[in-house]
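Working notes, structure below.
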Amino acid sequence: MAAAERILEVVDLAKTYGSRGSVTHALRGISMAIERGEFVGVMGPSGSGKTTLLNVISTIDSPTSGRVWVGGQELTALGRREVARFRRKRLGFIFQDFNLLDTLTLRENIGLALSIAGAPAGEIDRRVTAMAERLGIVDALDKFPYQVSGGQKQRAAAARALITGPDLVLADEPTGNLDSRAARTLLEALSDLNRDLQATILLVTHDPFAASYCSRILFIKDGRLFTELVRGEAPRQRFFDRIIATLAELGGGGADVR
Amino acid sequence: MYAKLAWRNLRRSLADYGIYFMTLVFAVAIFYVSNSVTEQPAFLSLSESQRRMARSAVEGMEWVSTIMTGVVALLVLYANRVIVRKRSRELGTYLLLGMDQGHLAALLLAETSAIGLAALGVGMVTGVLTSQAFGLLVERAFHVMAPQRDFVFSARAALATLVLYGVVFLAVAIWQAASIYRQRLIELIHEARKNEEIRVRSRPLAALAGLLSAMTLVTAYGLADWVSRSDWLDPTDPRIPLGVALGIAGTYLLFAALAGLLTGVRRRAGGWLARGLNLFLYRQVTSKINTHAAMLATIALMLTFTVCAMSTGLSLGAIVRRDAEERAPFSYMVTASDPEQDLSGLWALFAAHGVADAQMVEFVTVDAGLRGADLMLPDDAERFMADEEFDWAAWASVSVMPYSAYRSLRAFKGYPEVPFAEGGYLVHAADSDPAVAAGAAAWTRALIAGQPLELAGVTLRPAAPQVFSESMGYQFGGYGAMLVVPDEVVARLLADLADRSQRYLVAEVPGEEPDRLAEAVGNWVSARIREEGWISLSSRTETMAETYVVEAVFIFFSFYVGIMFILISATLLALQQVTDAVEHRQRYAILQNLGADDAMMDLTIARQVGLYFLTPLLVALLHSAMALTALNRALSGETGYQVVGPASLPTLGVFALIYGAYYLMSVQNCRLLYRPRTAD
């Protein structure tokens, strides 16, 4: 592999909520880095700080201290307008509850990301169709979200997140609302996109099965980095077992094993 | 605890439904102001006859404001239903938490009554303050000066406002509490989730509705045009209600068709839609148009009425006034059907009030059986009598008036003196009727040609080569033409035609009216009304005063109804935007994640609200354009005046100002409601 490009770098990130009386330390100094083309999972029990970390990286929340770079751009230096610009150029989102616009067809939902980014109109349809082919939702493209299955919705959301070619795709419990078959289809699709398009994905989940598709997993506990697992050349089943073991060690999260 | 909950809910409701609240305040204030008119000092200083006239006008106004209160009650009912529907999840949660339904109903009753009470209080204060300024308007409208301007407070109007609006608010509050009391928990919990599924309607059906709508509207417009071209505007013409009914039906069909045609269109993103948030905007508006079609149509109709009423109100008032100037061209004019009528008593009466003899003239006019054609050259007369459109100029009878009187009347009006010669005649025609205007050209040709005229055995020749057309009231050349001849010719005619003559006494009193003169003249004339023949008095002061009242009522009515309709329309639109706030907020949050910035979202919100405000307005403007053109044609044929004159512009300005202000407030409100809050 050529010299890796650093997509995400988090240095000594801390986030404190509340005021004098009751202070909650959601993040207590986390440092991490992700290289281009990685598929990284973040796991940890409830209240460990996963969501806060994701919110800060996605510019939805701002840190108390520490610094975050995405694609060489430091987030804390961005103004309100630049944040929006940054989001549409550099980030893609996949949410647990899909967050598709109910008034738009899947095709329009996926294309909207390109429209907002100012892509030429003639190009949009071609790119949407190409991305839909990869994710196997071409037949559903002209349906409205309420007319398709949860799995199709989430694959449409993935298509929308990836179609702008973002530096980093942030996926927050994307399989949380899916049955195991739909979850598997989605994860395989994400894996393929990660491999074929060199898409960099940060997946936050408490589902060890979903996590087992990642190439590397960061475990967080009490706002700190607890440990890290790298899959390497190991088969997915073996990696899954190691995740379960780590979760048991971590405590709390093991209850979610299915 | 319940009180605290009610209070907190109330404060939140006021923030969400600020526009609705404001409309209630305006409604209460306008109601108070219109009902306190009779206690304005300007009103109290009206003359007795004016006040009699004005009182019936005020009764009319009170009817209007009571009817408008009914309309406001419907709005309150609708708004409360919308609010409860939006809050049903919250209300269901109270029940789930163990609050019993009686308490919930009481909570709602307290909240709704409190909003009503607050609106009533703020509205009354606003009304009392506004009525101080309104007094000035009444003065200007009635053309009187109030002796002094004290702080005006009408206890009667205040009581009427409190009772009527109190009953409306209380009734709605009770009705709503009762309906909550009966509602089942499961319904409340599920109500909020009954989101509109984007139904893909039958497109052929929508297309059919569109076709039907186009047909009914074209028929309605056609009817309006047809009626307006008829010679005589008959208010009972069945084509009028038919046209209005078709227009209403067509409007509802139009919006139904629009909804059906626009929803669920599976468009491929491309062109304009593919740019920025255009597609999102398009879907935002069309996804809800099904639910809102009926409301939008109703708003379009209300706005149509408003535009028509407001743009004709001022002009109609002005027409009534100009018409009054025609009817009462001089300070006093007494007309008697008996040319022998003794008017010497009047001379004495005027003299006693300090009116000089030079300011008065007494004379007789005779209908000598002359027609317009008699004043034309023979071939002109033939042509006119054969003309279907202008034949009236030839057939209209021409009365004859002595020159000395004509000269005096001209002097009273300040018109330049006209040349006259022994054995001469003049033609005067101030009628603006198109037929008479055409006739005037023919008369002028005859005058230039020096056509002689044989009257009572005397041959007269034109004294001036032109038709005089200054306005002197409809008796004197304001209706057809009038012939001015030497005094002795009139005297000769009178000998044979006494039963076709009238005696006039005209007085022009410039400047201040002598005290009690009007009353004295009125008494003198009414004492001489007999069974046979007639005697009548027209006084400019009285006619104008009555006219000002009529004019004021026109203006008042059009503005009252117009402004209330705008307020209600804008409030309905604003309410509906608030109702859908939850869905919209979710959608805008997604946009934010996709990287849409604040400016993009603000613009989209402004356009989204704007489309809702604009669509019914456009339909209303189209309807109004058709209706007003027809009305203009119908009335100008009859009165010679343009109904929609330049006076319409300031009123439309007022309209735009209010509607625009409500639009901007809605946009601001929606931005607060829809735009996701960010952490920084």
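In the text below, chain A, chain B and the rest are named by the order of the sequence lines, each starting its count at 1.
In this structure, chain B has a heavy atom under 4.5 Å from the backbone of A:Leu100, while its side chain stays farther away. At a 4.5 Å heavy-atom cutoff, the contact between A:Arg160 and chain B is made by side-chain atoms alone. Heavy atoms closer than 4.5 Å to chain B are found nowhere in A:Phe86, neither backbone nor side chain.
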Start with the C-alpha gap between A:Arg88 and B:Asp597, add the side-chain angles, then the distance that decides, and say whether side-chain contact (heavy atoms from CB on, under 4.5 Å) holds. CA-CA 9 Å; A:Arg88 64 177 178 256; B:Asp597 59 37; 3.7 Å; yes
Does the pair B:Asn593 and A:Ile60 meet the rule for a side-chain contact (heavy atoms from CB on, under 4.5 Å), with working shown? CA-CA 8 Å; B:Asn593 282 327; A:Ile60 289 171; 3.7 Å; yes
Dump the intermediate steps for side-chain contact (heavy atoms from CB on, under 4.5 Å) on A:Phe144 and B:Arg283, then the final yes or no. CA-CA 12 Å; A:Phe144 287 95; B:Arg283 291 297 202 203; 4.1 Å; yes
As a quick check of understanding, evaluate side-chain contact (heavy atoms from CB on, under 4.5 Å) for B:Gln586 and A:Asp97, giving each step before the final call. CA-CA 12 Å; B:Gln586 286 167 355; A:Asp97 50 5; over 6 Å; no
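In this structure, A:Leu101 CG and B:Leu591 CG are separated by 6.0 Å, a value rounded to the nearest 0.5 Å. With rounding to the nearest 0.5 angstrom, the OG1 atom of A:Thr105 is 7.5 Å from the CG atom of B:Leu279.
Using a cutoff of 4.0 Å between basic side-chain nitrogens and carboxylate oxygens, B:Arg587 and A:Asp102 are scored as salt-bridged.
Per-residue heavy-atom pair counts under 4.5 Å with chain A were compared for B:Ala599, B:Ala596, B:Gly595, and the maximum is reached by B:Gly595. Most heavy-atom pairs under 4.5 Å with chain B: of the set A:Asn55, A:Leu91, A:Leu112, this distinction falls to A:Leu112.
Take A:Glu74 and apply the side-chain hydrogen bond (donor to acceptor under 3.5 Å, both in side chains) test, not counting sequence neighbours, and it matches A:Arg67, A:Thr76. Taking the salt bridge (Lys or Arg N to Asp or Glu O under 4.0 Å) definition, one finds that A:Glu133 meets it with nothing, sequence neighbours left out.
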